[in-house]
Amino acid sequence: MAELVLAASQSIPLGPDEVFALFGSHRGGGWLLEAECDSVRPGSPVTLVLPDGLLGPEPTCVLGRIVRVVQGRTIEIMHDQPWQGMLRLLIRPDAAGGSSMTLTARVDQRALEWLSQRRGWPSTQSSGESVFRIGLLTSKTGPAAVFAVASEYMAELAIEEINADGGLHRQSVELVVADDATNPVHAALEAHRLIAAGCRAVIAGVTSASFAAVEDVLAASGLPVIHTVVNEGGGGSDYVLRWGERPLSQVRAASDRVMKSSGGKRWYMIGNDYRWPRGAHRAGRRALTEAGGHVAGNQFVPLGTQDFDSVIENIERSGADCVLSTLIGSDEVAFERQVFTSGMRSKWETLSLVLEESARERIGDEAARGIWTSLGYFEGLDTPENRVLVRRYRERYGRWAPPLSSLSESVYEAFMIYATAVRSSSPDTPSVIRALGQVSARMPRGLVASAGPHALRQELYVARAVSDGFKIINN
């Protein structure tokens, strides 16, 4: 695979050891010191923003983990978003008594394709080739990239299994990946690109805001579209299937335990300001009322919010015993880290409806400890199917690959269930849709089954964040 090596350098009037100590701390400012990690050691998750001009005209957020450290000199980061690659930071003393920092990025074909797509250049994939294409609409960038970090890997694993089993309709299956950038406008553009690439179906692991922007476009083109992640539900075209967890069921499953742990029943609801959190808060209010709870406050913040000081003050003033969070991705990470550093973690119990493995590890072991969640899958589930999946995943992508979660594993399931529906029906789309509406399968999360044209029945697991993962309460 063709590869480019890009590098950017900067001088800093500090010694190498001082520069090294500032990495990830936010104490020194500077272009690379925006990196966020709890410790500089192999295995630590890290988020950093590459400077303008290195990979494009705008800053690029990179999600990965540290894989090699030479104290005071070198930090190597393997990253998974926006593509899989390696970054190398080299710190050297300069002649003026300060340090020279050089950041090297390896840019392969995947990276070049992503960069081309972000600039609106035509796809290199033609719809005329004799392959069976399936699209994956995911969030490689933007706030939702945190929860989507393993989704592309899960899609790749599924495609490998489907092709190993003979493909679909005697054709090899090919994956086409699109990045919605956690932005509905960009999602709509990417939907048209997937149609132009000749995709037969689209698996969408994106926010409800992005999904709302693409569902009608895709369905009108005759493509089945499966929304895999937590969502508020709803009707629509028969070609649209929404299989993620529903907030009403999530809150019903966990609220009693959270209130018992807190010793109180006053709730404050905080979420991002778009379609799903608003629906989730309506469902949450209903479920909490059923459980004898009381909503003391309700607040929404724009997607991409990183300063939650005023929100935390509002929660404290409300006298809430419990918090229901429908913040997503990097917003949820920022909120929970700030709750912890403000000393408020012990003041209330938190139920977060989208706290999954990737967000938990970026919040940090100590800061996340004790947060509740309720989802249909956790990497630690002890089912035969999940043990096989986790083993294959680690063998394929290595020990430093991001953790699996409900939001990424659901992508794998959607591809596998769709392939089964195609094989069990006629090639025409209506036949495939009918087969999808009758689905029943044992998957890594357990037994899943159709619950009507727009929902999938699944068991929900209540869990609490602990060091290195989650403790599943009702498994």
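The figures that follow rest on heavy atoms only: side chains count, while hydrogens, waters and symmetry mates do not.
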Does Y274 offer a backbone N or O that forms a donor-acceptor pair with the side chain of N272 under 3.5 Å?
no
Nearest heavy-atom pair of G376 and E245: which atoms, and what distance?
N-OE2, 2.7 Å
Distance-only donor-acceptor pairs under 3.5 Å for side chains of residues 292-300, two or more places apart:
| residue | atom | partner | partner atom | Å |
| --- | --- | --- | --- | --- |
| N298 | OD1 | H281 | ND1 | 2.6 |
| Q299 | OE1 | Y268 | OH | 2.7 |
| Q299 | OE1 | N314 | ND2 | 3.2 |

Residues G233 and N231: closest non-hydrogen pair is N-OD1, 2.8 Å
Run S210 and E190 through side-chain contact (heavy atoms from CB on, under 4.5 Å) and show every step you take.
CA-CA 10 Å; S210 284; E190 289 294 271; over 6 Å; no
Is any side-chain heavy atom of R285 closer than 4.5 Å to one of M269?
yes
Can a donor-acceptor pair be found, under 3.5 Å and without considering hydrogens, that links the side chain of Q250 to the backbone of L353?
yes
Identify the two heavy atoms, one from R362 and one from R337, that lie closest to each other, and give their separation to 0.1 Å.
O-NH1, 3.2 Å
Within-4.5 Å side-chain heavy-atom neighbours: L436 and W243:
yes
Taking 4.0 angstrom as the limit, do R360 and D365 come out as a salt bridge?
yes
Can you tell me how far apart CD1 (I433) and CG (L241) are? Round to the nearest 0.5 Å.
5.5 Å
Distance from I226 atom CD1 to L456 atom CG, nearest 0.5 Å?
9.5 Å
Between T350 and V339, is there a side-chain heavy-atom distance shorter than 4.5 Å?
no
So how far is it from D179 CG to E152 CD, rounded to the nearest 0.5 Å?
9.5 Å
One pair to check against side-chain contact (heavy atoms from CB on, under 4.5 Å): Q81 and T141. What are the steps and the verdict?
CA-CA 7 Å; Q81 297 283 41; T141 51; over 6 Å; no
Can a donor-acceptor pair be found, under 3.5 Å and without considering hydrogens, that links the side chain of S261 to the backbone of R257?
no
Could you note down all residue pairs passing side chain to side chain donor-acceptor pair (under 3.5 Å) where residues 417-426 supplies at least one of them, sequence neighbours left out?
D165-R423
Flag side-chain contact, heavy atom, 4.5 Å: L303 against I328
yes
Looking only at heavy atoms, what is the nearest atom pair of A253 and S374, with distance?
CB-OG, 3.7 Å
Could you check whether any side-chain N or O of D331 sits under 3.5 Å from a backbone N or O of T305, counting only pairs where one atom can act as donor and the other as acceptor?
yes
For Y393 and Y397, take the angle between the two ring planes, folded into 0 to 90°, and tell me which bin it lands in: parallel under 30, tilted 30 to 60, perpendicular over 60.
tilted
C322 and W267: side-chain contact (heavy atoms from CB on, under 4.5 Å), yes or no, with the steps?
CA-CA 5 Å; C322 311; W267 287 79; 3.5 Å; yes
Where is the tightest heavy-atom contact between A401 and R394, given as atom of each residue plus distance?
O-NH1, 2.8 Å
Regarding R369 and S467, do their side chains bring together a donor and an acceptor under 3.5 Å, going by distance alone?
yes
Where at least one partner belongs to residues 425-436, residue pairs that pass salt bridge (Lys or Arg N to Asp or Glu O under 4.0 Å), sequence neighbours excluded:
none
For R396 and E160, what are the C-alpha separation, side-chain angles and deciding distance, and is it a salt bridge (charged side-chain N to carboxylate O under 4.0 Å, His left out)?
CA-CA 11 Å; R396 175 72 166 77; E160 289 175 6; 2.8 Å; yes
Flag the pair E361 and R65 as a salt bridge only when some basic side-chain nitrogen lies within less than 4.0 angstrom of an acidic carboxylate oxygen.
yes
Specify whether H227 and F211 have parallel, tilted or perpendicular ring planes, treating 30° as the upper limit for parallel and 60° as the lower limit for perpendicular.
parallel
As a quick check of understanding, evaluate side-chain hydrogen bond (donor to acceptor under 3.5 Å, both in side chains) for E215 and S237, giving each step before the final call.
CA-CA 9 Å; E215 59 177 318; S237 166; over 6 Å; no
Please report the closest heavy-atom contact between T326 and W276, naming both atoms and the distance.
O-CZ3, 3.3 Å
Indicate yes or no: does K265 engage D321 in a salt bridge with an N to O separation below 4.0 Å.
no
Measure up the F308 and F335 rings against each other and bin them: parallel (under 30°), tilted (30 to 60°), perpendicular (over 60°).
perpendicular
Sort out for me which residue in E413, E409, E379 forms a side chain to side chain contact (heavy atoms under 4.5 Å, CB included) with L389.
E409
Check whether S208 reaches the backbone of R275 with its side chain - one donor and one acceptor, N or O, closer than 3.5 Å.
no
Does V214 reach the side chain of D180, with side-chain heavy atoms less than 4.5 Å apart?
no
Do E336 and L355 have side chains that get closer than 4.5 Å, going by heavy atoms?
no
How far does CZ of R133 sit from SG of C199, to the nearest 0.5 angstrom?
7.5 Å
Between the main-chain N or O of L248 and the side-chain N or O of R286, is there a donor-acceptor pair closer than 3.5 Å?
no
Can you check whether L407's main-chain N or O pairs, donor with acceptor, with S405's side chain at less than 3.5 Å?
yes
Interatomic spacing from CD1 in I134 to CZ in F415 - rounded to 0.5 Å:
5.5 Å
Is any side-chain heavy atom of S408 less than 4.5 Å from a side-chain heavy atom of E356?
no
Got a second to check how far C61's SG is from L48's CG, nearest 0.5 Å?
7.5 Å
For the backbone of G437 and the side chain of S450, can you confirm whether one donor and one acceptor N or O come within less than 3.5 Å of each other?
yes
Are any side-chain N or O atoms of R457 and backbone N or O atoms of A451, one a donor and one an acceptor, separated by less than 3.5 Å?
no
Would you confirm whether Q338, through its side chain, and Q306, through its main-chain N or O, come within 3.5 Å as a donor-acceptor pair?
yes
Apply side-chain contact (heavy atoms from CB on, under 4.5 Å) to residues Q438 and S440 and explain how you reach the verdict.
CA-CA 7 Å; Q438 301 168 7; S440 178; over 6 Å; no
Pairing donors with acceptors under 3.5 angstrom, does anything connect the side chains of Y377 and Q458?
no
Side-chain contact, heavy-atom cut-off 4.5 Å: V67 with M86?
yes
